[in-house]
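Being a predicted model, the structure only gives us computed values, none of them experimental. In this chain, residues are counted from 1 in sequence order.
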Amino acid sequence: MDEMVRELSGALEESQLEGQRTQMLGELAGSIDLDEVLTRVLEAAGAVDGVDATLVTLSPAPGGKPIVATLGLTAEETEQQTVTGPPDGRAARTITISYEYTAEELDAEAIRAGVAVPMPGETGPLGLLTIFTRSATHTFSEEQVRELEELALRAGPAIENARRFREARQLADLDALTGLHNRRYFHDTLAREVARAHRYDRNLALIIFDLDDFKAINDRIGHLAGDGVLAEAAERIREVVRSADIECRVGGDEFAVILPESTLSDADQLYARLQKAVSSRPVGEAGPLTISAGVAELQPDDDAIAFFQRADHALYGAKEAGKSQVVAANLRPLGGQYETTIAPPEEPPSNLNAAG
């Protein structure tokens, strides 16, 4: 009797899991928003037994960058995960990954193994869907590989449709002068990333910055030349942000970068890279440029508006403190004003801490 109960319980659990998988697969075609489709693909892949992290890597469109989406990987892990096919260019059915470490490098959170499968499109593979395990003993079975292949087969058309829709909207989402995402796209994406971070209890950081004394530059060299300065600054910004980050122009000479899976320290390090890139060489008649920035890390009680306001207020703090520096927003407003922590420009770039 006990054995029969166990068999029935196992069959019921398997049936429930199968029902969940079927539902997730059916939902893939239910949206034309690429981020939502990718999230559903990642969730469905993460439901495979033994999976600790999932990764989708889409090949870049002409003139674009690869699209990377993850679940369960840190920003650093995402940046370092590069999965490619056979060196002769032929399409592999699956790619099996195994990582070996020295005793000094190994820890309990290390990625130990993975399996990647191609996602088919109309004219060829769109990219790879990869699952990872942090367990030293888990191996992915042939049945799990087939399950992943079925998911990739269903995900390909859904991702392709959503990507086409995104590309059709891209002109409306881009700032004509700088080629960065525009203000509307920034606020829509920030709201989506805040909701995602809260839902999965993930980190999210935000940096808002502008060019120091840009009004004086405009007055001195004229608005047409000033537009050229903004375009050159945007190009330098693009050179240093990570592929997972979302860089935007939010108005005038004010820019923002949304940093998924990131902390305040990550935002501070990005500020150091941005400052170095922007000030690396003079820009025409404008001469040397510097930036001031405000950074914030998402808190449990933040919505998108509060999150943006904390970072934006921190930017004003940087301006008031003397420019060419970064200020971190604290957790809560004090006396109606957001308290800030200032990191002077001469200090090392990674010593910024939020107070509160």
Side-chain angles (χ1 to χ4, degrees), residues 35 75 173 175 178 180-215 230 233-234 237 241-242 244-272 274-275 278 290-345 352-356:
D35 290 331
D173 290 336
D175 173 63
T178 63
L180 302 180
H181 296 298
N182 60 25
R183 183 182 183 88
R184 181 186 62 80
Y185 182 90
F186 166 73
H187 285 293
D188 288 348
T189 304
L190 183 64
R192 190 163 54 243
E193 289 296 328
V194 166
R196 180 176 183 270
H198 282 320
R199 181 180 180 185
Y200 297 108
D201 193 24
R202 308 303 298 175
N203 291 323
L204 181 66
L206 176 65
I207 177 170
I208 299 177
F209 59 98
D210 65 12
L211 303 179
D212 292 326
D213 301 314
F214 183 71
K215 184 180 183 301
L230 291 174
I237 291 166
V241 298
R242 304 170 306 182
D245 298 336
I246 302 123
E247 61 272 26
C248 307
R249 181 190 181 198
V250 295
D253 64 318
E254 188 169 280
F255 302 88
V257 182
I258 303 169
L259 295 87
E261 307 286 350
S262 301
T263 64
L264 201 64
S265 177
D266 296 319
D268 179 41
Q269 292 175 34
L270 175 59
Y271 167 78
L274 289 166
Q275 183 74 282
V278 169
T290 60
I291 63 171
S292 297
V295 294
E297 185 174 342
L298 186 69
Q299 300 302 313
D301 56 349
D302 273 339
D303 58 16
I305 295 175
F307 189 33
F308 171 77
Q309 287 177 337
R310 290 198 298 113
D312 197 45
H313 184 86
L315 169 59
Y316 284 104
K319 292 293 189 183
E320 292 172 357
K323 304 177 184 178
S324 190
Q325 58 190 287
V326 60
V327 164
N330 273 10
L331 307 188
R332 297 177 182 86
L334 300 179
Q337 295 293 321
Y338 286 101
E339 185 187 3
T340 55
T341 299
I342 301 170
L352 179 62
N353 294 302

Any chance you could measure [X], atom [atom1], to [Y], atom [atom2], to the nearest 0.5 Å?
X    : Y    : atom1 : atom2 : answer
T263 : L298 : OG1   : CG    : 12.5 Å
K215 : D210 : NZ    : CG    : 14.0 Å
D201 : R196 : CG    : CZ    : 12.5 Å
R183 : D173 : CZ    : CG    : 15.0 Å
I258 : L190 : CD1   : CG    : 4.5 Å

Could you pull out the closest heavy-atom pair between [X] and [Y], with the gap in Å?
X    : Y    : answer
L206 : A311 : CD2-CB, 3.9 Å
L315 : S292 : CD1-O, 3.2 Å
V295 : A314 : N-CB, 4.1 Å
I246 : P260 : CD1-CG, 4.1 Å
L230 : G252 : CD1-O, 3.9 Å
N182 : C248 : O-CB, 4.4 Å

**Prompt:** Passes side chain to side chain donor-acceptor pair (under 3.5 Å), T290 versus D212? Steps please.
**Reply:** CA-CA 6 Å; T290 60; D212 292 326; 2.6 Å; yes
**Asked** Parallel under 30°, tilted from 30 to 60°, perpendicular over 60°: which one fits the rings of H187 and F308?
**Response**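 Ring orientation of H187 relative to F308: perpendicular.
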Kindly say whether [Y] contributes a backbone atom to a donor-acceptor pair with the side chain of [X] at under 3.5 angstrom?
X    : Y    : answer
S324 : I291 : no
Y185 : L180 : no
H198 : D302 : yes
Q309 : F307 : no
Y271 : Q325 : yes

**Item:** Side-chain H-bond candidate by donor/acceptor type, S265 with D268, under 3.5 Å
**Value:**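 The criterion, which ignores hydrogens and geometry beyond distance, is not satisfied for D268 and S265.
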**Message:** Looking at R310 and E297, is any side-chain nitrogen of the basic one under 4.0 Å from a carboxylate oxygen of the acidic one?
**Reply:**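 Salt bridge absent between E297 and R310.
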**R249 and D175 ion-paired at < 4.0 Å** =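 Counted as a salt bridge, because a side-chain N and a carboxylate O are separated by less than 4.0 Å.
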**Request:** Begin with the C-alpha distance, continue with both residues' side-chain angles, and end with the deciding distance and a verdict on side chain to side chain contact (heavy atoms under 4.5 Å, CB included) for I208 and Y316.
**Result:** CA-CA 10 Å; I208 299 177; Y316 284 104; over 6 Å; no
**Message:** Working note: F209 + I237, criterion side chain to side chain contact (heavy atoms under 4.5 Å, CB included); need CA distance, chi angles, decisive distance, verdict.
**Reply:** CA-CA 11 Å; F209 59 98; I237 291 166; 3.7 Å; yes
**Prompt:** Does some side-chain heavy atom of D312 sit less than 4.5 Å from a side-chain heavy atom of E254?
**Reply:**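 Touching, per the 4.5 Å side-chain cut-off.
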**Request:** Answer yes or no: is there a side-chain heavy-atom contact under 4.5 Å between H181 and T189?
**Result:**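 No, their side chains stay 4.5 Å or more apart.
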**Request:** I would like to know whether L274 and I207 meet side chain to side chain contact (heavy atoms under 4.5 Å, CB included); could you show each step before the answer?
**Result:** CA-CA 11 Å; L274 289 166; I207 177 170; 4.1 Å; yes
**Request:** Test side chain to side chain contact (heavy atoms under 4.5 Å, CB included) on L270 and R242 and set out the steps.
**Result:** CA-CA 9 Å; L270 175 59; R242 304 170 306 182; over 6 Å; no
